[in-house]
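Report on the structure given below.
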Amino acid sequence: MKSLKTQSHKLSDPAYQLQVLNNYSESLRDLPRFRDKLEEADLFPLRPTGIEIIQMNVGYMCNMTCKHCHVDAGPDRREVMEKETFRQCLEALRDSEATTVDLTGGAPEMNPHFKWFVEEVSELGKEIIVRSNLTILTTAPKYRALPEFFAKHGVEVTCSLPFYNRSRTDRQRGEGTYVRSIEALLKLNEIGYGKEGTGLKLNLVYNPTGAFLPGEQESIEQTFKRQLNRRHGIVFNNLFTITNLPISRFLNFLLESGNLEDYMDRLITAYNPAAAHGVMCRNTISVGWDGRLYDCDFNQMLEMPVEEGAPRHISEWNELKLNNRTIHINQHCFGCTAGAGSSCGGTTT
């Protein structure tokens, strides 16, 4: 499966994606606007509560091409963060009150400067999260050695696992994904990840496979813990449910399956003002592979940079200005505010 970009697909154009979300059909044009919902909750304009997390997308290159990927990542993507941009990120981190560095991709482990950067951030005393697809840890020897490297530097590992059985996992992410994911989880458990008293945190991420919202996070977590332990003896700390946002490949799925209008209506009907108060763009800043700054990873994929007047590149870091910016919004934001809310750390309420 090729990325939308390699296919020269219309949906590889972020501007076209936004046009589809707002104007694809009369029913979409008639839907409530996200701005109006924020105004009703006295949240417009949406502003930060203070930057706690710097989330860095270190490249769109990935060993997988998952059907739901909002990044449109894959082996055919070549955008990766260069070392000079990493250095600029380190300078920003030294000046920042942020406590956490969240590394994502693509497969962040595939960036050639990944290990060097983790070592540098570790010396700064910041918490480090790496978002892994698990399967990368079962490929080349340099990736197979990463679990021990993560443990050495106290890296929190947050990884995607669509389901606790083979059929649903492979249907979403490709043949053989489940077996390789289990292999990686067993290796992480073997060196202490997910086990009580080790301090090595192992989290799973669950995305629905179709055009519906995730179920109740705590209930899904307990089911995953019970099933993975019974089937494989696997343990982990937390499970985060994340709502699929209607952008990139998931937007393509919604269009091809004729579900876009119904899915948007479902998101808007489930809009929760309490979830809007806790959206991750209020305490997180997103850094693109080229150093450009965004309010969140989803805005990054839609090429919606932070507002004019705020620093727009990591080399221009100014935390005071970033904390006083207005956050850019559009219709896709309903995905983060439906039900119990959705963020990279799971529900927001």
Side-chain angles (χ1 to χ4, degrees), residues 1-35 37 60 62 64-74 77 106 133 160 162-163 167-174 177 205-215 220 240-272 275-276 279-280 296-304 328-344 347:
M1 181 177 174
K2 294 180 179 179
S3 66
L4 296 176
K5 183 176 181 180
T6 298
Q7 296 176 49
S8 298
H9 196 289
K10 286 193 296 184
L11 285 175
S12 65
D13 177 3
Y16 181 70
Q17 292 184 53
L18 288 169
Q19 181 183 336
V20 168
L21 286 176
N22 286 277
N23 299 301
Y24 182 73
S25 65
E26 185 176 346
S27 61
L28 287 178
R29 287 192 292 272
D30 290 341
L31 288 174
R33 302 290 100 180
F34 189 69
R35 170 180 175 155
K37 292 293 186 179
Y60 303 160
C62 190
M64 305 185 75
T65 318
C66 301
K67 292 179 181 178
H68 67 290
C69 182
H70 74 276
V71 180
D72 191 30
R77 299 298 297 267
N133 64 31
S160 177
F163 210 61
S167 59
R168 282 182 61 170
T169 298
D170 287 5
R171 187 162 63 247
Q172 186 184 45
R173 303 186 69 194
T177 296
V205 174
Y206 165 82
N207 295 72
T209 55
F212 49 88
L213 303 183
I220 295 174
F240 304 136
T241 57
I242 297 182
T243 301
N244 289 315
L245 264 68
I247 63 177
S248 195
R249 285 189 207 142
F250 190 68
L251 176 57
N252 187 44
F253 160 76
L254 291 172
L255 286 169
E256 289 184 342
S257 61
N259 280 305
L260 178 57
E261 287 87 350
D262 286 346
Y263 189 68
M264 289 302 300
D265 185 64
R266 187 171 293 127
L267 292 180
I268 294 170
T269 300
Y271 169 80
N272 181 354
V279 285
M280 64 182 180
C296 69
D297 197 49
F298 304 114
N299 280 10
Q300 181 183 153
M301 298 312 135
L302 291 170
E303 294 187 0
M304 296 169 56
H328 283 164
I329 58 171
N330 211 295
Q331 292 298 81
H332 65 288
C333 300
F334 277 113
C336 292
T337 56
S342 177
S343 76
C344 289
T347 57

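When a residue number appears, it is its place in the shown sequence, counting from 1.
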Whether [X] side chain and [Y] backbone form a donor-acceptor pair below 3.5 Å:
X: R266; Y: A338; result: no
X: T177; Y: R173; result: yes
X: Q172; Y: C66; result: no
X: Q7; Y: K2; result: yes
X: Q331; Y: P32; result: yes
X: D72; Y: K5; result: yes

Residues which pass ring pair (Phe, Tyr, Trp, His ring centres under 6.0 Å) with H332, listed by chain and number, not counting sequence neighbours
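Checked H332 against ring pair (Phe, Tyr, Trp, His ring centres under 6.0 Å); zero matches.
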If you compare all heavy atoms of [X] against all heavy atoms of [Y], which two are closest, and at what distance to 0.1 Å?
X: P214; Y: Y206; answer: CB-CE2, 4.1 Å
X: A275; Y: G341; answer: CB-CA, 3.6 Å
X: M280; Y: C344; answer: SD-N, 3.3 Å
X: G210; Y: F250; answer: O-CZ, 3.6 Å
X: G106; Y: C62; answer: CA-CB, 3.9 Å

A side-chain contact here means heavy atoms from C-beta on lying under 4.5 Å apart; do [X] and [Y] qualify?
X: S3; Y: H9; result: no
X: I242; Y: S342; result: yes
X: R249; Y: L4; result: yes
X: P162; Y: N207; result: no
X: L255; Y: Y24; result: yes
X: F298; Y: C336; result: yes
X: L254; Y: N244; result: no
X: L267; Y: L213; result: yes

Listing request: all salt bridge (Lys or Arg N to Asp or Glu O under 4.0 Å) pairs with a residue in residues 6-35, at least two apart in sequence or in separate chains.
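Every pair satisfying salt bridge (Lys or Arg N to Asp or Glu O under 4.0 Å) with a residue in residues 6-35: R35-E39.
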Would C333 and K37 count as a side-chain contact (heavy atoms from CB on, under 4.5 Å) if you check the C-alpha gap in whole Å, the side-chain angles of each, and the deciding distance to 0.1 Å?
CA-CA 11 Å; C333 300; K37 292 293 186 179; over 6 Å; no
Of L245, L251, L28, the residue whose pairing with L21 passes side chain to side chain contact (heavy atoms under 4.5 Å, CB included):
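So, applying the side chain to side chain contact (heavy atoms under 4.5 Å, CB included) to L21 and each of L245, L251, L28, only L251 qualifies.
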Criterion side-chain contact (heavy atoms from CB on, under 4.5 Å) on T209 and K67, from CA distance to verdict
CA-CA 9 Å; T209 55; K67 292 179 181 178; over 6 Å; no
How many angstroms lie between atom [atom1] of [X] and atom [atom2] of [Y], to the nearest 0.5 angstrom?
X: C296; Y: H328; atom1: SG; atom2: NE2; value: 11.5 Å
X: D265; Y: F334; atom1: CG; atom2: CZ; value: 10.5 Å
X: L11; Y: N252; atom1: CG; atom2: CG; value: 5.5 Å

Between L18 and N330, does the side-chain contact (heavy atoms from CB on, under 4.5 Å) criterion hold? Intermediate values first, please.
CA-CA 8 Å; L18 288 169; N330 211 295; 3.8 Å; yes
With R168 as the cation and F163 as the aromatic partner, state whether NZ or CZ is under 6.0 Å from the six-membered ring centre and within 45° of the axis.
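Yes; both conditions hold, so R168 lies above the ring face of F163.
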Centroid-centroid distance, H68 to F253, less than 6.0 Å
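That pair fails the under 6.0 Å test.
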Take E261 and S27, measure what side-chain contact (heavy atoms from CB on, under 4.5 Å) needs, and give me the verdict at the end.
CA-CA 7 Å; E261 287 87 350; S27 61; 3.0 Å; yes
